[in-house]
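In what follows, a structure is listed as structure tokens, so that the remarks can point back to it.
Sequential numbering from 1 along the given sequence is applied to the chain's residues.
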Amino acid sequence: MKLPPGATGFNLPHGVQADLEAFTAVCHHAARAIDAAVTGVTPADVTPNFHTVDITDAQHHIAVLRHTTLPIIAFARPHTNDDVTTTFVNHTDLAAALTNLTDAQPLTAEQLQTPCHRST
């Protein structure tokens, strides 16, 4: 998978930043669609190239990551305490609910765990 320039946080494209308030509202709607709730929001000033919205249901606690400038979303296990490791996961129901409400493309855990290499 070839990521667009800026996807890694380097050489970010100049343009409109994703609206955290609007994305949080979308996440509230998506969460309700899968019988879940938004339980936290972390703006990009904490994580420089993505916003995070935590969604919890009876079985899962998922962090939805939204790139600040590119229409890309991913799902991960939420960080706990001082752990800064990002473990990507798939959540097909939440991905479907979000794609019905936004133009952001969900990436799979497999896509996100692919080793990076320089393209020529």
Side-chain angles (χ1 to χ4, degrees):
M1 170 181 185
K2 184 172 181 170
L3 295 172
T8 60
F10 296 100
N11 302 317
L12 286 170
H14 298 298
V16 178
Q17 292 275 322
D19 181 344
L20 178 58
E21 188 174 316
F23 186 65
T24 302
V26 166
C27 286
H28 277 283
H29 288 289
R32 281 193 295 274
I34 64 164
D35 199 26
V38 170
T39 55
V41 177
T42 306
D45 57 335
V46 175
T47 52
N49 61 337
F50 59 90
H51 302 299
T52 305
V53 176
D54 292 338
I55 295 180
T56 304
D57 66 17
Q59 300 164 347
H60 303 97
H61 188 114
I62 300 291
V64 181
L65 313 177
R66 168 57 162 96
H67 197 280
T68 56
T69 57
L70 300 172
I72 298 172
I73 56 176
F75 306 103
R77 291 188 187 131
H79 293 149
T80 56
N81 301 327
D82 294 331
D83 181 16
V84 294
T85 304
T86 300
T87 304
F88 294 108
V89 298
N90 293 319
H91 197 298
T92 54
D93 293 339
L94 186 53
L98 285 167
T99 56
N100 286 335
L101 298 166
T102 181
D103 64 347
Q105 173 191 4
L107 301 179
T108 66
E110 294 76 23
Q111 289 172 312
L112 292 161
Q113 293 166 353
T114 302
C116 293
H117 66 275
R118 180 179 280 242
S119 63
T120 54

Original post:
In the single-linkage hydrophobic clustering (I, L, V, M, F, W, Y; side-chain heavy atoms under 4.5 Å), do V89 and L112 co-cluster?
Top reply: no
**OP:** Check side-chain hydrogen bond (donor to acceptor under 3.5 Å, both in side chains) between T92 and all other residues, then give those that pass, not counting sequence neighbours.
**Re:** none
Original post:
Considering only heavy atoms from C-beta outward, does the side chain of L65 approach that of F75 to under 4.5 Å?
Top reply: no
Original post:
Are side-chain heavy atoms of F23 and V64 found at a separation under 4.5 Å?
Top reply: yes
Subject >> Same apolar cluster: L20 and L94, side chain cutoff 4.5 Å >> reply: yes
Original post:
Which residues pass the side chain to side chain contact (heavy atoms under 4.5 Å, CB included) test with T99, sequence neighbours left out?
Top reply: P106
Original post:
Applying the 4.5 Å side-chain criterion to the ILVMFWY set and letting contacts propagate, would V26 and I62 be lumped into a single cluster?
Top reply: yes
**OP:** Could you state whether L98 and L70 fall into the same hydrophobic cluster, counting links through intermediate Ile, Leu, Val, Met, Phe, Trp or Tyr residues with side-chain heavy atoms under 4.5 angstrom apart?
**Re:** no
Subject >> Contact check, side chains of T39 and D54, non-hydrogen atoms, under 4.5 Å >> reply: yes
Original post:
Looking at residues at least two apart in the chain, or sitting in another chain, which of them share a side chain to side chain contact (heavy atoms under 4.5 Å, CB included) with A97?
Top reply: A30, A33, I34
Subject >> side chain to side chain contact (heavy atoms under 4.5 Å, CB included) partners for E21, two or more places apart >> reply: D19
**OP:** Just jot down the ring pair (Phe, Tyr, Trp, His ring centres under 6.0 Å) partners of H28, sequence neighbours excluded, or say none.
**Re:** none
Original post:
Who pairs with H29 by side chain to side chain contact (heavy atoms under 4.5 Å, CB included), at least two apart in sequence or on another chain?
Top reply: R32, L101
**OP:** Would you please name every residue forming a side-chain hydrogen bond (donor to acceptor under 3.5 Å, both in side chains) with T24, sequence neighbours left out?
**Re:** none
Subject >> From CD1 (I72) to CZ (R66), nearest 0.5 Å >> reply: 8.5 Å
Original post:
Which residue pairs pass the ring-ring contact (aromatic ring centres under 6.0 Å, His included) test when at least one of the two sits in residues 88-108, sequence neighbours left out?
Top reply: H60-H91
Original post:
Does N100 have any side-chain hydrogen bond (donor to acceptor under 3.5 Å, both in side chains) partners at least two apart in sequence or in another chain, and if so, which?
Top reply: none
Original post:
How long is the gap from CG on D103 to CD1 on I73, to the nearest 0.5 Å?
Top reply: 9.5 Å
Original post:
Rounded to the nearest 0.5 Å, what separation is found between the OG1 atom of T86 and the CD atom of Q113?
Top reply: 11.0 Å
Original post:
At their closest point, which heavy atom of T108 faces which heavy atom of Q111, and how far apart are they?
Top reply: N-OE1, 2.8 Å
Original post:
Under 3.5 Å, side chain of N90 to main-chain N/O of A109, donor-acceptor pair present?
Top reply: yes
